[in-house]
There are 2 protein chains.
Amino acid sequence: MKLEQERIVAAALALVNREGLSGFNLRALALMLNVRASALYWHVGSKDEIVARMAKMLYERAFDAAPKGVGWQGWLLGFGRAFRASLLGQRDSAQICTMARLLDTNIPTLMERIAAPMVEGGIDKASAVSMQGAVIAYTLGWVVYEQSSTLHDTLEQMYDFTESYERGLTAMVRGFAADRSKPP
Amino acid sequence: MKLEQERIVAAALALVNREGLSGFNLRALALMLNVRASALYWHVGSKDEIVARMAKMLYERAFDAAPKGVGWQGWLLGFGRAFRASLLGQRDSAQICTMARLLDTNIPTLMERIAAPMVEGGIDKASAVSMQGAVIAYTLGWVVYEQSSTLHDTLEQMYDFTESYERGLTAMVRGFAADRSKPP
DNA sequence: ACCTGAACACCGTTCAAGT
DNA sequence: ACCTGAACACCGTTCAAGT
């Protein structure tokens, strides 16, 4: 039963990769699974829930790919890069994350797990979640523009996406480090 | 004729404020203007175009509200805050900006205008657009989570939105300043 | 337990026809 | 020039009915 949900989410991500988010609908999704659209409702509550699970998958991929044991600054940098890579690996992923209404049950566990490497590094939990949230927000927003069908080409000829993302990321993390070295 | 388009966009923003983005449809929008949905197509090309114009409005409000003549670092900080304020003043604004496919004609002029205060401050255009883009991305991403119906309450009890946004913003801008003081 | 078939209300968009 | 009325194809979702 859990397996069926994961099959649905995987098919949904593949469908968005092929057709784009605007071409993602339950009839086409059901067709990929050799089933009718109404059959999906046995395994999943709504289209919104599918979108939420897609977004969760993108966060988890980032968490799994991010290098561990590199200190809290290294973790912030690594998770940011891994999150961007996760998003760039999936078409319209930034839109998916933006419109996803993550389930209340998923949120605490997901945030705990992501902030854990920082707390272990000696950062208080409030600061950890706050800084982590800033890096995630920056990365998501960055990919919104990088994936924008109308903005991508124009932006690309003004600066290199990876290089500029990196500059913003390191600037932010360096600024956080400077912040924490001044107040005891 | 231009006036009609602005009336449509204003009504659309008001409708989203009342009903949310999911309740925003052309029949309801037309009703607000005492007209049928099909009549909108005389003044505007599509629903997507209306969304693009809504997003453009949000960027312009930020630009107009941001303080001028405060140096390039002050401009980055001021524009970031003004953009966040503009977004928070409109329901579901982050979603609007994310899904908006800005028209190609608007992009160059809009970006030129936003980067102009930095270029006047002695920053080369490529760096200006890059740093500006990072601040915009961070702010948009931040408000995505701040406006998220399922995340807002959980995040609010972990940290103060305004204070944490401010810490991320100043960290990034301070990092940019440190960057530029080292390489000549 | 799991799926189909048919239907429901709703949506963006088009277009002939009105004024 | 600007709008209406009616229609089109499509969508998420529900639910009785099948197996």
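Note that these values count all heavy atoms, side chains included, but never hydrogens, waters or copies made by symmetry. What you see is a predicted model, and the numbers here were worked out from it, not measured in a lab.
- Here C/dC3 is the nucleotide among C/dC3, D/dC3, C/dT4 with the atom lying nearest to any side-chain atom of A/H43.
- Per the geometry, CG belonging to B/L31 stands 12 Å off P belonging to C/dC11, to the nearest Å.
- Distance, A/E4 CD to C/dC2 P: 8 Å, rounded to whole Å.
- Atom CD1 of B/I8 and atom C1' of D/dC3 are 12 Å apart (whole Å).
- For A/R36, a side-chain nitrogen or oxygen approaches OP1 or OP2 of C/dT4 to under 4.0 Å.
- Atom CG of B/L40 and atom C1' of D/dA1 are 16 Å apart (whole Å).
- Atoms CD1 (B/I50) and P (C/dC11) sit 14 Å apart, rounded to a whole Å.
- With sequence neighbours left out, A/R84 forms a salt bridge (charged side-chain N to carboxylate O under 4.0 Å, His left out) with A/E146.
- Scored by the salt bridge (charged side-chain N to carboxylate O under 4.0 Å, His left out) test, B/R18 finds no partners at all (sequence neighbours excluded).
- Taking atom CG of residue B/L29 and atom P of nucleotide D/dC3, one finds them 13 Å apart after rounding to whole Å.
- Between A/F161 and A/Y145, the distance separating the two ring centers is not shorter than 6.0 angstrom.
- A/R101 meets the side-chain hydrogen bond (donor to acceptor under 3.5 Å, both in side chains) test with A/D48; sequence neighbours excluded.
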Show me the donor-acceptor pairs within less than 3.5 Å that the side chains of residues 20-41 of chain A make with the rest of the protein, sequence neighbours left out.
residue : atom : partner : partner atom : Å
A/N25   : OD1  : A/R27   : N            : 3.1
A/N25   : OD1  : A/A28   : N            : 2.9

Quiz item: Could you write nucleotides 12-19 of chain D as a row of B, S and -, 5' to 3', where a protein heavy atom under 4.0 Å of any base atom gives B, of only sugar-phosphate atoms gives S, and otherwise -?
Solution: BBBB----
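- The side-chain hydrogen bond (donor to acceptor under 3.5 Å, both in side chains) test applied to B/W72 returns no partner, not counting sequence neighbours.
- Residues that satisfy the ring-ring contact (aromatic ring centres under 6.0 Å, His included) test with A/Y59, not counting sequence neighbours, are A/F83.
- Using a 4.0 Å cut-off between charged side-chain N and carboxylate O, A/R81 and A/E166 make a salt bridge.
- Between B/W42 and D/dC3 there is no side-chain N or O to OP1 or OP2 distance below 4.0 Å.
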Quiz item: Starting at the 5' end of DNA chain C, what dot-bracket string do you get if Watson-Crick and G-U pairs under 3.5 Å are bracketed, crossing pairs use [ ], other-strand pairs use | and unpaired bases use dots?
Solution: ||.|||||...|||||.||
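- Annotation: salt bridge (charged side-chain N to carboxylate O under 4.0 Å, His left out) contacts involving residues 118-136 of chain B, sequence neighbours excluded, comprise B/E112-B/K125, B/D124-B/R180.
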